[in-house]
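We use all heavy atoms of the structure for the numbers below, so side chains are in, but hydrogens, waters and symmetry mates are not. What you see is a predicted model, and the numbers here were worked out from it, not measured in a lab.
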Protein chains: 4
Amino acid sequence: MSGSVYGNIFRISSWGESHGTGIGVVVDGCPAGLFLNESMIQPYLDRRKPGQTLYATPRKEEDKVIIQSGVFEGCTTGTPISMIVYNENHHSKDYSEIANYYRPGHADYTFDQKYGFRDYRGGGRSSGRETIGRVAAGAIACTILNELGIHVHAYTKSIGPISVQEQTISLEQAKLSPLYMPDLNASKKAEAYLSELMEGKNSAGGIVECIVQGMPAGIGEPVFDKLDAVLAHAVMSIGAVKGVEIGDGFRAAAGTGMENNDGFYYDAEGSIQKSSNHAGGISGGISDGSAILLRAAIKPTPSISGTQHTVNKKNENIEIEIHGRHDPVIVPRAVVVVESMVAITLVDYLFIGMTSRMDRIKDFYRKEDEQKN
Amino acid sequence: MSGSVYGNIFRISSWGESHGTGIGVVVDGCPAGLFLNESMIQPYLDRRKPGQTLYATPRKEEDKVIIQSGVFEGCTTGTPISMIVYNENHHSKDYSEIANYYRPGHADYTFDQKYGFRDYRGGGRSSGRETIGRVAAGAIACTILNELGIHVHAYTKSIGPISVQEQTISLEQAKLSPLYMPDLNASKKAEAYLSELMEGKNSAGGIVECIVQGMPAGIGEPVFDKLDAVLAHAVMSIGAVKGVEIGDGFRAAAGTGMENNDGFYYDAEGSIQKSSNHAGGISGGISDGSAILLRAAIKPTPSISGTQHTVNKKNENIEIEIHGRHDPVIVPRAVVVVESMVAITLVDYLFIGMTSRMDRIKDFYRKEDEQKN
Amino acid sequence: MSGSVYGNIFRISSWGESHGTGIGVVVDGCPAGLFLNESMIQPYLDRRKPGQTLYATPRKEEDKVIIQSGVFEGCTTGTPISMIVYNENHHSKDYSEIANYYRPGHADYTFDQKYGFRDYRGGGRSSGRETIGRVAAGAIACTILNELGIHVHAYTKSIGPISVQEQTISLEQAKLSPLYMPDLNASKKAEAYLSELMEGKNSAGGIVECIVQGMPAGIGEPVFDKLDAVLAHAVMSIGAVKGVEIGDGFRAAAGTGMENNDGFYYDAEGSIQKSSNHAGGISGGISDGSAILLRAAIKPTPSISGTQHTVNKKNENIEIEIHGRHDPVIVPRAVVVVESMVAITLVDYLFIGMTSRMDRIKDFYRKEDEQKN
Amino acid sequence: MSGSVYGNIFRISSWGESHGTGIGVVVDGCPAGLFLNESMIQPYLDRRKPGQTLYATPRKEEDKVIIQSGVFEGCTTGTPISMIVYNENHHSKDYSEIANYYRPGHADYTFDQKYGFRDYRGGGRSSGRETIGRVAAGAIACTILNELGIHVHAYTKSIGPISVQEQTISLEQAKLSPLYMPDLNASKKAEAYLSELMEGKNSAGGIVECIVQGMPAGIGEPVFDKLDAVLAHAVMSIGAVKGVEIGDGFRAAAGTGMENNDGFYYDAEGSIQKSSNHAGGISGGISDGSAILLRAAIKPTPSISGTQHTVNKKNENIEIEIHGRHDPVIVPRAVVVVESMVAITLVDYLFIGMTSRMDRIKDFYRKEDEQKN
C-alpha cells in the first residue's frame with residue numbers, strides 16, 4: 001500500500017534508488033516448476049538498457065541481473081525469487097547541484113512535500129532506473145504467459161507528432177528501428193524529428209502500443225477490478241505515462257454506437273467470433289478471447305538542456321540548464337516496461353481467474369487427488 | 001480481489017444486480033464523528049438517476065438510498081456503513097429475449113465465458129445500475145473531502161465530436177445544461193447532435209473531465225500506487241470508460257519537454273507556485289498542491305435500436321434491434337460516477353498518506369496522549 | 001483493513017449493529033455454479049440462535065436469512081452474494097443505563113477510546129450478533145468445502161473446568177447435548193456446573209475444538225500465511241476468544257521432540273501415512289493431508305448479574321449489576337462460529353493454493369481451451 | 001498472499017533460503033525521517049544468532065546485516081528499505097542424504113506435496129534462517145515503537161515442564177540467563193533439564209511470553225482485524241509456534257466471569273484505570289492502554305539424533321538419526337522473533353489507527369497546511 005508492492009497472487013516488491021547499492025525486486029507467488037535462469041531475464045533488461053542508440057543516454061550500464069533465491073536445480077521452487085541489478089558508474093558529483101533546486105517535470109518537489117527531504121542523487125527512487133525491477137519481474141511474467149500460449153508485444157506507436165500507421169505495423173521492422181517503431185519509414189521521420197529537437201536542447205514524448213495475443217476469454221473481474229482497469233493502473237504507474245486507453249479508447253468517445261459495437265458471428269468451425277475489435281479485447285472488464293490492445297501516452301523527457309525557470313533553496317527564482325546524459329526521448333526504452341507491467345498484471349488475473357467456476361475447482365481438486373492415488 | 005471490494009483503508013464493497021432485491025454498498029473505514037444522513041447522499045444519486053432529460057432513459061426510478069448501519073445519533077460511528085437502494089419497476093419480460101443472444105458491446109458473452117452462465121435480466125451485475133453503489137459511497141467520500149477543504153467537480157467535456165472549449169468552462173452553466181456541459185453553446189450543439197442520432201437509432205459517447213481543488217501536496221505513493229495510477233484504475237473501472245488521461249495526457253505525448261515541463265517560482269507571499277499545470281496536479285505520482293485534472297473517454301451506449309449482427313444459442317447468425325428504454329448517451333449520468341470514484345480514491349490515499357513522515361506520526365500520538373491527560 | 005472485510009479471493013464484508021436495521025454480510029469471490037438457497041444457510045444460523053436452551057439467553061430471535069443478490073435460478077452467479085438478517089425484538093430502553101458507564105469485560109471503554117463515542121445499544125457493533133455475518137458466510141464456505149469432500153466439525157471441548165475426554169468424543173452425542181458437548185456424561189456435569197454459576201450470578205467460559213476432515217495436502221502458504229497462522233487469525237477474531245492452538249498446542253511446548261514428531265510410513269496401499277498427528281494436520285504451515293485439529297479458548301460471558309466495580313461519566317466509581325437476558329456461557333453458540341471462520345479461511349486458501357505449480361496451471365488452461373473447441 | 005509479504009501500511013517482503021545467496025527482507029511503508037543504520041539492527045540479529053550458548057547450534061554465523069536502500073544521510077527516506085544477510089558456512093554435503101527422505105516434524109513432506117519438489121538443502125525456505133528477515137524488519141519496527149514510547153519485551157516463560165513464576169520475572173535476569181529466562185533459578189533447572197535431554201538425543205519446546213508497555217488505547221480494528229487476532233496471526237506464523245494466547249488465555253476459559261472481568265476505577269489523578277489485566281491489554285479487539293500480554297507455545301526442535309521412523313523415495317520404511325548441529329531447544333532464539341512479529345504488527349495497526357476519527361484527520365491536515373504557510 002506504500003506503493004512498492006504490486007499484484008495479488010503474483011506479487012512483486014520493488015526497491016532501490018538510482019545511486020544506492022542497486023535495484024531489486026522480489027517476486028512472490030511465482031508457481032513452482034517453471035524453468036528459469038538469468039539468461040532468460042537478461043534480454044528483457046537489455047532492451048531497457050541505456051546507451052544503445054543515439055536517441056538514448058550514452059551511459060554504459062551493464063544492468064546484469066542476478067537471481068538470489070527461489071530457483072533450485074534450474075526451476076522455480078514456488079518461494080520468492082529475489083533479483084538484483086547492482087548500480088555502477090556513479091558520478092555523484094554530477095548531482096550535487098540539483099540538491100538545491102527543483103527540476104521542472106521531475107518529482108523533486110513532490111518528494112520533498114511528501115517525505116520532508118529526498119535522496120537527490122540521480123532522482124533517487126523516482127529515477128527511471130526503478131523500472132529495472134518491473135522489467136526483471138516482467139520477464140518472469142512473460143515466461144509464464146508464453147508457457148500458456150499468451151504473447152505480449154509492445155512497440156513505439158508515435159514519437160511526438162510522427163505516428164506509425166495501423167496498416168503498416170510489423171514487429172520485425174520494430175526490431176530493426178532504433179526507436180522500436182514497427183514501420184521503418186515512420187522511424188526515419190521520427191529520427192529526423194529527434195535530431196532537430198536535440199539541437200534545440202529539447203525533448204520528445206510519444207505513444208507506446210501493446211498487443212496481447214492468445215489471451216483466453218473470461219479473465220478480469222467485473223466491477224472494480226475490470227481487466228482494463230487493472231491494466232490502466234499497471235501502465236499508468238510507469239513514470240512519465242500520462243494517459244492510457246484500451247481498444248479505440250478516446251477515439252471511441254467521438255464515435256457512435258453503430259461504429260463502435262463489435263458484432264458476433266459463427267465462423268466456419270462453429271466458433272463465435274467478433275467482426276471487429278473496437279473494444280480492444282475486453283468487454284465488461286473481462287477478456288473476450290480476441291487480442292487485447294492498449295496504448296500509453298508518454299510525456300517528453302523532463303531533463304532538457306534548454307533554459308528553464310525554477311526555484312532554489314535560498315528562496316530565489318532562478319534559471320537552470322540541465323546538462324548530462326539524458327534521453328531525448330524515453331519512449332523506445334519504455335516499450336519493454338509497458339510489456340512488463342501488462343504481463344505481470346495478466347499473470348495475476350489469470351491466476352485469480354482460476355476460481356470463477358465451481359465445476360472447474362472440483363475438477364482441479366479431484367484430479368489432484370487422483371494423481372496421488 | 002474478486003472485484004467487488006475497492007480501496008485500502010477507506011474500503012467499499014459493492015453488490016447487487018439490475019433485477020435483484022437492490023443495489024448495495026458497504027463502506028468500511030469511514031472515520032467516526034462525521035455528520036451524515038441520507039439527505040446528504042441522495043442528491044448525488046439523483047444526479048445519476050435516469051429519466052431526467054430527453055437524453056436519458058425515461059424510466060422512472062426513485063433510487064432512494066437507505067442507511068442501514070454505521071450511523072448513530074447523526075454521526076458515523078467508525079464501523080461499516082451499509083447502504084441500499086431497492087430495485088423497482090421491474091419488467092422482467094422485457095429481458096426474456098436477450099437471454100438467448102449476445103448483445104454487441106455488452107458483457108453478455110464475456111460473463112458467459114467467465115462464469116458459465118449469467119443473470120441476463122437487465123444486464124445483471126454488469127448493468128449500469130451497479131454504479132449506484134459507487135455513487136452512494138462516493139457521496140460519503142465527497143463529504144469527507146469537503147471537510148478537509150477538497151472539492152471534486154466533473155462535467156461533460158464532449159459529446160461525440162462536440163467539445164467544450166477550455167476557456168469557456170463554467171460549472172454554473174453545467175448545472176443548467178441537460179447534458180451537464182459547462183458551456184451552454186456547446187450543450188445546444190450536442191443536443192442537436194443527439195437528436196439526430198436518436199432518429200438514426202444510434203448513440204453517442206463522450207468525455208468526462210474532472211477537476212479537484214484544494215488537494216494538499218504530498219499525496220500518492222511512488223512506484224506502483226502513483227496517484228495517477230490509482231485514479232486511472234478507479235475511473236477505468238467504470239463500465240464504458242475506455243481511456244483515462246491526467247493533465248495534458250495524450251496531448252503531452254505529441255509535445256516537447258520545453259512545452260510540457262511546469263516551471264516553479266516564488267509568489268509574492270513566498271510560496272512556491274507552478275507557472276503552468278500540464279502535469280494535471282500530479283508529479284512522480286504525488287500530488288503537487290495544484291488542481292488535479294483528469295479525463296475519461298466514454299464509449300457510445302451499446303444498446304441501440306438500429307440493426308446489429310450477432311449470434312444466438314441455436315448457433316445461428318442473426319440480426320437484432322434492441323428496443324426499450326435506453327440512454328442515447330450516458331456521459332451526463334457518468335459525471336457523478338467519475339466524481340465518486342475519484343473522491344473514494346483520494347480519501348483512501350489521503351488516509352494512507354498520513355504515515356509518510358515519522359515526525360508527524362510522533363506529533364499525532366503525542367497530541368492524542370496529551371488530550372487524554 | 002478497517003477490519004470488516006476478511007479474506008483474499010473468497011472475501012467477506014460484514015456490517016451491522018445489535019440495534020440497527022440488521023446484520024449483513026457480502027460474500028465476494030464465491031465461484032459460479034454452486035447450488036445455493038436460503039434453506040441451506042438457515043440451519044447454520046439456527047445453531048447460533050439464542051433462546052434454544054436454559055444455558056442461552058431466552059430472547060426469541062428468528063434470525064431469518066435473506067439472500068439479496070448473487071444467486072440466479074438456484075445457482076451462484078459468481079458475483080457478490082449479499083445476505084441480511086433483520087434485527088427484531090428491540091427494547092432500546094433496556095440499554096439506556098449502560099450508555100453512562102463502562103461494562104467490565106466489554107468493549108465499551110475501548111470503543112470510546114478509539115472512536116470518541118459509541119453506539120451503546122446492545123453493544124452496537126461489538127455485540128455477539130455481529131457473528132451472524134460470519135455464520136451466514138460460513139454456511140456458504142461449508143457448502144463449497146462439502147462439494148470438495150472436506151468437512152468441518154466443531155464442538156464444546158470444555159465448560160469451565162469440565163472437559164470432554166478425547167476417547168469419548170461423539171459428534172452424535174454433541175447434537176443431543178444442550179451444550180454441544182460430544183460426551184453426554186461431561187455434558188451433564190457441565191450443566192450442573194452452569195446451574196450453580198447462574199445461581200451465583202456468575203458465568204463460565206470454555207474451549208471449542210474443531211476438526212477438519214478430507215483436507216488435501218499442500219494447502220497454506222509458507223512464511224507469513226501459514227495455514228495455522230491464518231486459522232489463528234480467523235478464530236481469534238471471534239469476540240471472547242483469548243487463545244488458539246493447533247494439534248497438541250501448548251501441550252507440545254511441554255513435551256519432547258521424540259514425543260512430538262509425527263513419523264511417516266507407507267501403508268499397505270503404498271500411500272504415505274503419519275503414525276500420529278501431534279502437528280494437527282499442518283506442517284511448516286502447509287496441510288499434510290491428515291485431519292486438521294484446533295482449539296479456541298473462550299472467556300466467560302462478561303455480562304453477569306453479580307456486583308461489579310466500574311466508572312461512570314460523572315467521574316464516579318460505582319457498583320453495577322447487569323440484568324437482562326444474557327448467556328451464562330456462550331461456548332455452545334460459539335461452536336458454529338468457529339466452524340464458520342475455519343471454513344471461510346480454508347476455502348480462501350484452497351483457492352489461493354490452485355496456483356502453486358506451473359504444470360497444474362497449464363493443465364487448467366489447456367483443459368479450458370479444449371472444452372471450448 | 002503467497003505468504004512472503006506481511007502487513008498493510010507497514011509491509012515487509014521476505015525472501016531467501018538456508019543455502020542460497022542469503023536471506024533478505026524489504027520494508028515498505030517505513031516513514032521518512034527515522035534515524036537508522038545497521039548498528040541499530042545488528043543487536044536484534046545477534047540475539048537470534050546461533051552458536052552463543054551450549055543450548056544452541058554451535059555454528060558460527062556472522063549474520064551481518066547490510067542496508068541496501070531507503071536510507072540516505074542517516075535517515076529513512078520513506079521508500080523501501082532492502083536488507084540482506086548473506087549466507088555463509090555452507091556444507092551442502094551435510095544435506096545430501098535428507099533429499100531422499102522426509103524428516104519427521106519438518107516441512108519436507110508438505111513442501112513436496114505443495115510444490116512438487118523442494119530445495120532440500122538445510123530446509124530451504126522452511127529453514128529457521130528465514131526468521132532473519134523477520135528480525136531485521138522487526139528491529140526497524142521496534143525503533144519506530146520506541147520513538148512513540150512503546151516497548152516490546154519477550155522472554156522464555158518455560159522450557160519443557162520448567163516454568164518461570166509470574167512474581168519472579170526480571171528482564172535483567174533474562175539477559176544473564178543463557179536461556180533468556182527472567183528467573184535465574186528456573187533457568188538453572190531448565191539448563192539441567194536440557195542437558196539430560198541432549199544426552200538422550202532428544203529436544204525440548206517451551207513458551208515465550210511477550211509484554212508491550214506504553215501502548216496507547218484505541219489501536220486494533222473491531223471484527224476481523226482485532227488486535228489480538230492479528231497478533232495471533234503474526235506470532236503463529238513463526239515456524240514451530242503451535243499456540244498463542246492473550247492475557248489469561250486458556251486459563252480464562254476455565255475461570256468465571258467474576259474472576260475474569262477487569263473492573264474500572266478512577267485513580268487519584270482522575271484517570272480511568274483497570275483493577276486487573278486478565279484481558280491482556282486488549283478488549284473487543286482494541287488496545288485498552290494497559291500492558292499487552294501474550295504467550296506463544298513453541299514445539300520441541302524436530303531435528304533430533306535419536307532414532308525415528310520415516311519413508312524414503314525408494315518406497316521404503318526406514319529408520320533415521322539426524323546428526324549435525326541442531327539446537328536442543330529453539331525457544332531462547334525465538335524470543336527476539338516473537339518480539340519482531342509483535343512489533344511489526346503493532347506499527348502497522350498504529351498507522352492504520354490514525355484514521356479512526358474525523359476530527360483527528362482534520363487536525364492532521366489543517367496542521368500540515370499551517371506549517372506550509
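Considering only heavy-atom pairs separated by less than 4.5 Å from chain A, the leading option among B/A204, B/A232, B/S275, B/P222 is B/P222. For the options B/L294, B/V311, B/V331, B/D225, heavy-atom pairs under 4.5 Å to chain A are most numerous at B/V311. Between chain B and the options A/G200, A/G285, A/G263, A/S283, the largest number of non-hydrogen pairs under 4.5 Å is found for A/S283. Options B/L231, B/D228, B/N202 differ in how many heavy-atom pairs under 4.5 Å they form with chain A, and the most are formed by B/N202. The greatest number of non-hydrogen atom pairs below 4.5 Å with chain A, out of B/A107, B/G284, B/G280, is found for B/A107. Counting heavy-atom pairs closer than 4.5 Å to chain A, the top residue among B/I352, B/D288, B/N315 is B/N315. With respect to chain B, the highest number of heavy-atom pairs below 4.5 Å among A/A254, A/G289, A/G133 belongs to A/A254. Your options are A/S14, A/S203, A/S287, and the one with the most heavy-atom pairs under 4.5 Å with chain B is A/S203. Your options are A/V241, A/V230, A/I298, A/D248, and the one with the most heavy-atom pairs under 4.5 Å with chain B is A/I298. Counting heavy-atom pairs closer than 4.5 Å to chain B, the top-ranked of the candidates A/I320, A/I246, A/I286, A/D359 is A/I286. Interface summary for chain B: among A/G306, A/G255, A/S163, A/G7, the most heavy-atom pairs under 4.5 angstrom belong to A/G255. Of the listed residues (B/G243, B/A253, B/G205, B/G220), the one with the most heavy-atom contacts under 4.5 Å to chain A is B/A253.
Taking NZ of B/K299 as the reference point, atom CD of A/E259 lies at 14.0 Å (rounded to 0.5 Å). The distance from the CD1 atom of B/I23 to the CD atom of B/E130 is 7.5 Å, given to the nearest 0.5 Å.
A salt bridge links B/E209 with B/R295: at least one charged nitrogen is closer than 4.0 Å to a carboxylate oxygen.
Proximity to chain A is absent for every atom of B/S158, based on heavy atoms less than 4.5 angstrom apart. Neither the backbone nor the side chain of A/M358 has a heavy atom closer than 4.5 Å to any heavy atom of chain B. Looking at B/R103, the atoms closer than 4.5 Å to chain A (heavy atoms on both sides) all sit in the backbone: N, CA, C or O. Using a 4.5 Å cut-off between heavy atoms, B/Y193 touches chain A through its side chain atoms alone. Only the backbone of B/D262 comes within less than 4.5 Å of a heavy atom of chain A; no side-chain atom from C-beta onward does. Both the backbone and the side chain of B/S2 come within contact range of chain A, judged by heavy atoms closer than 4.5 Å. Only the backbone of A/I238 comes within less than 4.5 Å of a heavy atom of chain B; no side-chain atom from C-beta onward does. Using a 4.5 Å cut-off between heavy atoms, B/V235 makes no contact with chain A at all.
Legend: residues meeting side-chain contact (heavy atoms from CB on, under 4.5 Å) with A/S356, ordered by chain and number and at least two apart, are B/K114, B/Y115. With sequence neighbours excluded, the residues forming a side-chain hydrogen bond (donor to acceptor under 3.5 Å, both in side chains) with B/D112 are B/Y102, B/R118, listed by chain and number.
Of the possible donor and acceptor atoms, one in the side chain of A/D348 sits under 3.5 Å from a partner among the backbone N and O of A/N8.
The aromatic rings of A/F351 and A/F10 stand perpendicular to each other, their planes meeting at an angle above 60°, with 30° marking the opposite boundary.
No donor-acceptor contact under 3.5 angstrom links the side chains of A/R360 and A/T355, judged on distance only. Between the side chains of B/T345 and B/Y6, at least one donor N or O lies within less than 3.5 Å of an accepting N or O. In the model, B/S303 has a side-chain atom that pairs as donor or acceptor with a side-chain atom of B/H106 under 3.5 Å.
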side-chain hydrogen bond (donor to acceptor under 3.5 Å, both in side chains) between A/K274 and A/S290, worked out: CA-CA 8 Å; A/K274 285 163 59 193; A/S290 56; 3.1 Å; yes
